[in-house]
Amino acid sequence: MLGPVILAASRSDRMRRLISAAPVTKQVVDRFIPGETVDEVVPIIEELTGRGLELTMDVVGEDITTPEQAAAARDAYLQLIDRLKDLELGTEAEMSVKLSMFGQALENGHELALANVRPVVEAAAAIGTTVTLDAEDHTTLDSMFAVHEELRKDFPQTGCVIQAYLFRTEEDARRLAASGSRVRIVKGAYKEPASVAYQQKAEIDKAYVRVMRTLMEGEGYPMIGSHDPRLISIAQELARRAGRKLDEYEFQMLYGIRSDEHLRLAAEGHRMRVYTAYGTDWYGYFMRRLAEKPANLRFFVRSMVSKG
């Protein structure tokens, strides 16, 4: 299985240098990350929303090492919100944030991350949109959920992400489904040990379906993060059985992957949100996209060979 190898490489400074220096890399990265600055992605936002799609925007970058970098990440999101305000899109364009970018791993990281993310959530609410807290590796989740709970006291629309491959997730889903939360369910894209996570695809898929059922039958707003046609069909059936209307849940897929499916679901009346990342610190995000799906890795390798 290449996925774990690629995920390990995503933490390697040596691999970062090698891949970043490859002449073809930028061309391939552009498939998944449409720009490095707000100015570069605004046309993408306008194009996608003009085609009936919604977005969740992610400023890429995770492994910050100083409080100053955490503050810079906060400011990058505030700059994005400034531009979204001008577009007047409301919840058609929300934001996803990783608390590691806001200082979670630093000294007093929990308090620092909360202090940095709160102004972003406040600013998002002021322009009529929302923020979702992304899930990272399992060691960070208790802190993420605590930040989520704290933010929801003032901003109940704040969302969070749960990962089907973790053993703990079914319990987390039951708690969140009863709370009226906005919850995105994904399979999971970090290298996790067998002591905390399912390792086989079949086991992960079964867990994903169990968690989806819990969310669909609960009181929250499920956000189905998957490109898998089978899981998408199961989600539609679970929503039908739970009596949910088309605007009472949504699908989410990554920019650059199955774009035709984005448009098909939107044309059927589903809320279809495209996870759109931008920024200069793209390496970790890009490597996880390669690890998630063999087709992505094949695309990258073919491009390197053809340009070599």
Side-chain angles (χ1 to χ4, degrees), residues 2-3 6-7 9-10 16 19-20 22-62 76 80 83-84 89 92-98 132 134-135 161 163 184-190 223-232 250-267 270-307:
L2 285 174
I6 298 170
L7 290 174
S10 73
R16 179 190 292 264
I19 290 176
S20 298
V24 73
T25 295
K26 186 178 189 308
Q27 172 198 336
V28 182
V29 168
D30 286 348
R31 173 181 175 176
F32 304 109
I33 302 176
E36 294 188 348
T37 68
V38 174
D39 288 340
E40 289 175 351
V41 297
V42 163
I44 302 296
I45 295 171
E46 294 176 316
E47 176 191 351
L48 294 179
T49 54
R51 302 181 78 178
L53 301 169
E54 302 182 37
L55 292 88
T56 185
M57 303 300 300
D58 175 12
V59 183
V60 291
E62 300 161 41
L80 170 61
R83 295 304 299 275
L84 292 178
L89 294 171
E92 289 181 68
E94 68 148 32
M95 278 147 286
S96 285
V97 304
K98 290 179 172 59
T132 295
D134 275 333
V161 177
Q163 302 168 102
R184 180 196 306 148
I185 169 67
V186 299
K187 288 186 179 181
Y190 292 83
M223 301 180 284
I224 309 303
S226 178
H227 306 95
D228 187 325
R230 179 172 169 271
L231 292 179
I232 290 168
E250 68 182 49
F251 292 104
Q252 296 192 6
M253 298 186 192
L254 297 169
Y255 179 89
I257 300 179
R258 302 198 72 203
S259 299
D260 289 346
E261 184 71 356
H262 302 176
L263 296 172
R264 183 188 72 81
L265 288 168
H270 291 285
R271 296 189 69 180
M272 175 63 234
R273 194 176 297 275
V274 183
Y275 191 107
T276 306
Y278 73 97
T280 57
D281 190 12
W282 48 262
Y283 178 76
Y285 178 89
F286 174 65
M287 293 297 283
R288 284 197 301 281
R289 301 295 78 79
L290 296 184
E292 283 173 346
K293 193 175 180 183
N296 294 341
L297 180 60
R298 288 195 296 270
F299 175 82
F300 183 48
V301 171
R302 281 200 307 270
S303 298
M304 292 193 75
V305 170
S306 65
K307 296 293 182 179

Next item on the list: Start with the C-alpha distance between Thr56 and Met223, add both sets of side-chain angles, then the distance that settles side-chain contact (heavy atoms from CB on, under 4.5 Å), and finish with yes or no.
Entry: CA-CA 11 Å; Thr56 185; Met223 301 180 284; over 6 Å; no
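- Ala266 and Gly52 get closest at one heavy-atom pair: CB-O, 3.8 Å.
- Here the shortest heavy-atom pairing between Tyr275 and Ser96 reads CE1-OG, 3.6 Å.
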Next item on the list: Begin with the C-alpha distance, continue with both residues' side-chain angles, and end with the deciding distance and a verdict on side-chain contact (heavy atoms from CB on, under 4.5 Å) for Ile224 and Leu231.
Entry: CA-CA 9 Å; Ile224 309 303; Leu231 292 179; 6.0 Å; no
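- By the 4.5 Å heavy-atom criterion applied to side chains, Tyr278 and Val60 are not counted as neighbours.
- Between Leu55 and Arg273 the shortest heavy-atom distance is O-NH1, 2.9 Å.
- In this structure, Arg264 places its CZ atom where more than 12 heavy-atom neighbours from other residues, nucleotides or ligands lie under 6.0 Å away.
- Using modelled atom types, one side-chain atom of His262 and one backbone atom of Ile257 make a donor-acceptor pair closer than 3.5 Å.
- Within the 4.5 Å cutoff, the side chain of Asp58 has heavy atoms near those of the Lys98 side chain.
- The two residues Phe32 and Tyr255 have their closest heavy-atom pair at O-CD2, 3.7 Å.
- When side chains are defined from C-beta on, Leu89 does not count as touching Glu54, because their heavy atoms never get closer than 4.5 Å.
- Contact detail for Arg230 and Asp228: the closest heavy-atom pair is N-OD1, 2.9 Å.
- Minimum interatomic distance between Gln163 and Ala135 (heavy atoms only, all atoms of both residues): NE2-CB, 3.4 Å.
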Note to self: Could you go through Ile45 and Thr276, starting from their C-alpha distance and side-chain angles, then the distance that decides it, and tell me whether this counts as side-chain contact (heavy atoms from CB on, under 4.5 Å)?
What the structure shows: CA-CA 9 Å; Ile45 295 171; Thr276 306; over 6 Å; no
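- A distance of 11.0 Å separates CG of Leu48 from CD of Glu92, quoted to the nearest 0.5 Å.
- If you take CD on Gln252 and NE2 on His227, they are separated by 10.0 Å, rounding to the nearest 0.5 Å.
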Notebook entry, point to check: Given the rule in the side-chain contact (heavy atoms from CB on, under 4.5 Å) test, do His270 and Ile232 qualify, once you have shown the distances and angles that lead to the verdict?
Noted result: CA-CA 11 Å; His270 291 285; Ile232 290 168; over 6 Å; no
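- Glu261 places none of its side-chain heavy atoms less than 4.5 Å from the side chain of Pro229.
- Atom CG of Leu265 is separated from atom CG of Asp260 by 11.0 Å, given to the nearest 0.5 angstrom.
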